[in-house]
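By convention in this document, chain letters (A, B, ...) are assigned in the order of the sequence lines, proteins followed by strands, and residues within each chain are numbered from 1.
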2 protein chains.
Amino acid sequence: MKSKQETEQPEIRRKKTAEERRQDILEAALNIFTEKGYNGSTTAEIARAAGVAEGTIFRHFATKKELLIAVLSPKILEGIISLDKKHKDPVEFFRCFMKNRLELIKENDALVRFMFAEAQYHDEVREALSKGILGQGINIVQPWFEKGVKQGVFKPVPFPSVMRTFMGMVLFYGVFNHVFPGLSPKNTIEEATDQMLEIFLHGLIVKEAKT
Amino acid sequence: MKSKQETEQPEIRRKKTAEERRQDILEAALNIFTEKGYNGSTTAEIARAAGVAEGTIFRHFATKKELLIAVLSPKILEGIISLDKKHKDPVEFFRCFMKNRLELIKENDALVRFMFAEAQYHDEVREALSKGILGQGINIVQPWFEKGVKQGVFKPVPFPSVMRTFMGMVLFYGVFNHVFPGLSPKNTIEEATDQMLEIFLHGLIVKEAKT
DNA sequence: AACGTAAGTGAGTAATCACTCATTAACATT
DNA sequence: AATGTTAATGAGTGATTACTCACTTACGTT
């Protein structure tokens, strides 16, 4: 029951609501974390970036780790909603989905890289990531893939392999550009999507050739 | 000029050579680093694992970061040699290369994950990784790919996209199994290679279908 | 204006960090 | 046995860490 009424907003520096402060801290934490890593960031630094005292952080989050979880949790589920179900064609779905994910990753590449990096060391992050992304995969991708198989459009490759391949291609896109700058310089998302999709759907080999 | 002669080895606990100690420390550091991350590991912990005093570490490595570099540098170049050039067929090359890399990654998956995780935060790691792996890509993969294109076997997709797709699939293999356990349970390397290669070379779509 | 309350503060704390250095131990050489 | 040399030690150091708490501030209510 947060009975905080927005009355008039005078010139003098008003105290922010608890929720506003919380958001300030979360935003600052996200920036510092993605830049320096969880263990490389200090609560003092985050407080400075958020414009609050260090003690304020611990009024909103009991521990530093709780802050980490609070930063990542909403981000992990983000983007699920943005995908509509208007597609009829499995191939069209994969094209849209890949482009959608590439855009999402390009916009949040520091975040994505951070999540996967920290997933190595923190069980909580790994579990949240696993649940969130696997949920996307199973709920969204698998039905379309199986639909395609039933229609005879897709090969009956085991779904885990499809998922792994697809995610590898897509997720690595963001990591790649960071770790290996210089390669793929002027690649637009459109081009990247088309080229990846060409390989993913039709393969590297020209159709007439034999293995 | 290390004039240390291996004479007789009496029962009493002998002092190890500098090189032996160095290797002990490197091995322990690798284990601790991959488990807890660079910033999550302490030199005290590494010393304990290596069975040496903390000061000994700094007799062999000036700083903790120097230890990190010393741990990773040899690992990054590892595996290049193991690949012979007996292949004649570009397709066969990709099959062998993928299987080879998958095995390498499966055996060193903690290391691989650690390298890419720390590459987010340390320029030195990123540069070493970039140079090492990009070198492999350009020196080994690109010639075979271009050979395939000239033979009319491969499509003239821009090489960066091919490389990115290939690396994404392969590298993500290890990360995937760690972050998303439960999926792809009993997948052997043989199966994984075959399924990935099927998608990479021939695509998900059955040949008769149209986009 | 006086009071109560929720939110914010920052100096303080105990623990921990990477790193140092005077000392000791283990060898080879004489 | 005496001496020199190289390697190893671990208590010590100053800096830094996540986190605490007694106190202040800003606001709503009366």
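Shown here are the side-chain contact (heavy atoms from CB on, under 4.5 Å) partners of B:Glu66, two or more places apart in sequence or in another chain: B:Phe61, B:Ala62, B:Thr63. With sequence neighbours excluded, no residue forms a side-chain hydrogen bond (donor to acceptor under 3.5 Å, both in side chains) with B:Lys131.
Taking only side-chain nitrogens and oxygens, B:Arg21 never comes nearer than 4.0 Å to OP1 or OP2 of D:dA7. Phosphate proximity of C:dA7 to A:His60: absent, as no side-chain N or O sits under 4.0 Å from OP1 or OP2.
A straight line from CD of A:Glu20 to P of C:dA6 spans 18 Å, rounded to a whole angstrom. The separation between B:Glu45 atom CD and D:dG10 atom P is 18 Å, rounded to whole Å. Between B:Ile46 atom CD1 and D:dT9 atom C1' there is a gap of 18 Å when expressed in whole angstrom units. In this structure, the CZ atom of B:Phe61 is 13 Å from the P atom of D:dA7, given to the nearest Å. The interatomic distance linking A:Arg22 (CZ) with C:dG8 (C1') rounds to 16 Å, in whole Å. We find that CZ of B:Phe33 is positioned 12 Å from C1' of C:dA18, with the value rounded to whole Å.
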### Query
Which parts of nucleotides 17-24 of chain D does protein reach within less than 4.0 Å, heavy atoms only, written one letter per nucleotide 5' to 3' as B for base, S for sugar-phosphate only and - for none?
SBBB-B--
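Open room surrounds CD on B:Glu27; 12 or fewer heavy atoms of other groups in view lie less than 6.0 Å from it. The local environment of NZ in A:Lys64 is crowded, with over 12 non-hydrogen atoms from other residues, nucleotides or ligands closer than 6.0 Å.
Proximity of B:Lys155 to A:Ile199: side-chain heavy atoms (C-beta onward) are nowhere separated by under 4.5 Å.
Aromatic ring centres of A:Phe166 and A:Phe94: separated by under 6.0 Å.
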